[in-house]
Amino acid sequence: MENSLNFPLLAVIALSALFAGLIDSMVGGGGLIQIPALFTTLPKELPATLFGTNKIASIFGTANAAWRYSRRVNMPWRTTLPAASAAFAFSYLGAMAVAWLPRDLLRPLILIMLVGSAAYTFWRKDFGAFHQPQHGGRRELVYAVMVGAAIGFYDGFFGPGTGSFLIFLFIRFFGFDFLHASAASKVVNVATNLAAISFFVPNGFFLPFAAVLMASFNILGSVIGTHLALRHGSGFVRRVFLLVVCSLILKFAWDTL
């Protein structure tokens, strides 16, 4: 229960939200930090309640990052908005699918995808170094909807690594650099988080005090993260991306093997 939180536990979830917001604002992966912190500090709460609290905290940091990127980066709205719309719809469908699909079956597949993403990024030294959009018109719209739908369903159904997968796909299929891909991924992430919150909040699956505390620190982390990304550019974001993806690989390998 929230009433059982003392200062050391509050400090743990606040600092986890700060660091999660910092990492998530650049390359995604904040859930790697925030969710374990919630499960450790509040072991008696329902998982759905902790996931709802995490989503509420995350959406504020992600929205703040999206706003900051939009002020400094020429946002690829023609790709981002259709992807975000599809992601919102399919994220809700993904959340509904949890009831009839065993999520553990996805772990080996996700591990393979993460290893492939990391290997491809390591191998292609120029991957994401230059912003060279590749599509336009109807083809751009179709690709954007397909990417948004796939990632939205994944985020609603499972979630970990959503931001990192988005960045990889925006670079691979649309020719974005890491900075523009990170900026676009934040808008899509806001949509998927909003879809999840529209399920969690009406059903009471959240902790108000913890959510507000974590949201505040998540925003602070996102301010620091976007500042670092904008200041140091795509090369810096690429290095952080590889670090986070390798961390995700280790986590999924530990959980799967």
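- Taking the side chain as every heavy atom from C-beta outward, Ser25 and Thr62 never approach each other to under 4.5 Å.
- Two residues are said to be in side-chain contact when any heavy atoms from C-beta on lie closer than 4.5 Å; Val244 and Ile23 meet this criterion.
- Inter-residue side-chain proximity for Ile59 and Ile197 is flagged as met; some heavy-atom pair is nearer than 4.5 Å.
- In this structure, CE in Met26 is found 9.5 Å from NE2 in His232, a value given to the nearest 0.5 Å.
- At least one donor-acceptor pair under 3.5 Å links the side chain of Ser234 to the backbone N or O of Leu179.
- Heavy atoms only, all atoms of each residue included: Gly31 and Pro36 are closest at O-CD, 3.3 Å.
- Heavy-atom contacts from other residues, nucleotides or ligands closer than 6.0 Å to CE of Met75 number more than 12.
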(request) Carefully, step by step, assess Ser182 and Val27 under the rule side chain to side chain contact (heavy atoms under 4.5 Å, CB included). (result) CA-CA 6 Å; Ser182 182; Val27 295; 5.6 Å; no
(message) Assess the residue pair Asn203 and Phe199 against the criterion (side chain to side chain contact (heavy atoms under 4.5 Å, CB included)); give the C-alpha distance rounded to whole Å, side-chain angles, the decisive distance to 0.1 Å, and a yes or no.
(response) CA-CA 7 Å; Asn203 288 285; Phe199 169 78; 3.7 Å; yes
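- When all heavy atoms of Ala149 and Ala86 are compared, the closest pair comes out as N-CB, 3.7 Å.
- In this structure, Ile13 and Ala37 approach most closely via the heavy-atom pair CG2-O, 4.2 Å.
- Centroid-to-centroid, the aromatic rings of Phe51 and Phe39 come within less than 6.0 Å.
- Counting only heavy atoms from C-beta outward, the side chains of Thr49 and Leu42 never approach each other to under 4.5 Å.
- Side chain of Thr80 to main chain of Ala184: no donor-acceptor pair is present (N/O by atom type, distance under 3.5 Å, no hydrogens or angles).
- Within a 6.0 Å radius of OH in Tyr69, more than 12 heavy atoms belonging to other residues, nucleotides or ligands are found.
- Not a single donor-acceptor pair under 3.5 Å links the side chain of Asp177 to the backbone N or O of Phe130.
- Enclosure of atom CZ in Arg72 is not indicated, since only 12 or fewer non-hydrogen atoms of other residues, nucleotides or ligands lie within 6.0 angstrom.
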(message) Let's go through Leu111 and Leu248 carefully: what are the C-alpha distance in whole Å and the side-chain angles of both, what is the deciding distance for side chain to side chain contact (heavy atoms under 4.5 Å, CB included) to 0.1 Å, and is it a yes or a no?
(response) CA-CA 8 Å; Leu111 180 58; Leu248 282 164; over 6 Å; no
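- One distance of note links OG1 of Thr226 with CZ of Arg231; it measures 13.0 Å at 0.5 Å rounding.
- In this structure, the side chain of Arg124 does not engage the main chain of Ala119 through any donor-acceptor pair within 3.5 Å.
- At distances below 3.5 Å, not a single donor-acceptor pair connects side-chain atoms of Asn218 with backbone N or O atoms of Met214.
- Leu50 and Val201 fall into different hydrophobic clusters, defined by Ile, Leu, Val, Met, Phe, Trp and Tyr side-chain heavy atoms under 4.5 Å apart, directly or through other members.
- Within the model, atoms CD1 of Ile219 and CD1 of Ile224 stand 12.5 Å from one another, a figure rounded to the nearest 0.5 Å.
- By the criterion of side-chain heavy atoms lying less than 4.5 angstrom apart, applied directly or through intervening Ile, Leu, Val, Met, Phe, Trp or Tyr residues, Leu250 is not grouped with Met113; the two fall into different hydrophobic clusters.
- The side-chain heavy atoms of Phe170 and Ile151, taken from C-beta on, include no pair separated by under 4.5 Å.
- Taking OG from Ser70 and CH2 from Trp77, the interatomic distance works out to 5.5 Å, rounded to the nearest 0.5 Å.
- Of all non-hydrogen atoms in Ser185 and Ile167, the two that sit nearest each other are OG-CG1, 3.7 Å.
- Inter-residue side-chain proximity for Thr79 and Phe176 is flagged as met; some heavy-atom pair is nearer than 4.5 Å.
- Leu22 has its side chain out of reach of Ser222: every pair of non-hydrogen atoms, C-beta onward, lies at least 4.5 Å apart.
- Distance check, rounded to the nearest 0.5 Å: CD1 of Ile33 to CG of Leu18 gives 9.5 Å.
- Outside the 6.0 Å centre-distance limit, the rings of Phe206 and Phe200 are not counted as a close aromatic pair.
- No path of Ile, Leu, Val, Met, Phe, Trp and Tyr side chains, each step under 4.5 Å between heavy atoms, connects Ile112 with Phe153, placing them in separate hydrophobic clusters.
- Nearest heavy-atom pair, Ala191 versus Ala84, reported as atom, atom and distance to 0.1 Å: CB-O, 3.3 Å.
- Rounding to the nearest 0.5 Å places OG1 of Thr192 at 4.0 Å from CG of Asp155.
- Note: Phe168 and Phe241 have parallel aromatic rings, judged against thresholds of 30 and 60 degrees for the angle between ring planes.
- The minimum heavy-atom distance linking Val188 with Ala83 is given by the pair CG2-CB, 4.0 Å.
- At a threshold of 4.5 Å between non-hydrogen side-chain atoms, the residues Phe165 and Leu114 count as touching.
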(request) Give the intermediate values and the outcome of side chain to side chain contact (heavy atoms under 4.5 Å, CB included) for residues Asn64 and Arg68. (result) CA-CA 6 Å; Asn64 177 74; Arg68 288 181 174 276; 3.4 Å; yes
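- Placement of Val245 and Val115 within a single hydrophobic cluster is found when ILVMFWY residues are connected by side-chain heavy-atom separations under 4.5 Å, directly or transitively.
- Not a single donor-acceptor pair under 3.5 Å links the side chain of Lys186 to the backbone N or O of Ala181.
- There is a path of hydrophobic side-chain contacts, each under 4.5 Å, that joins Phe60 to Leu194.
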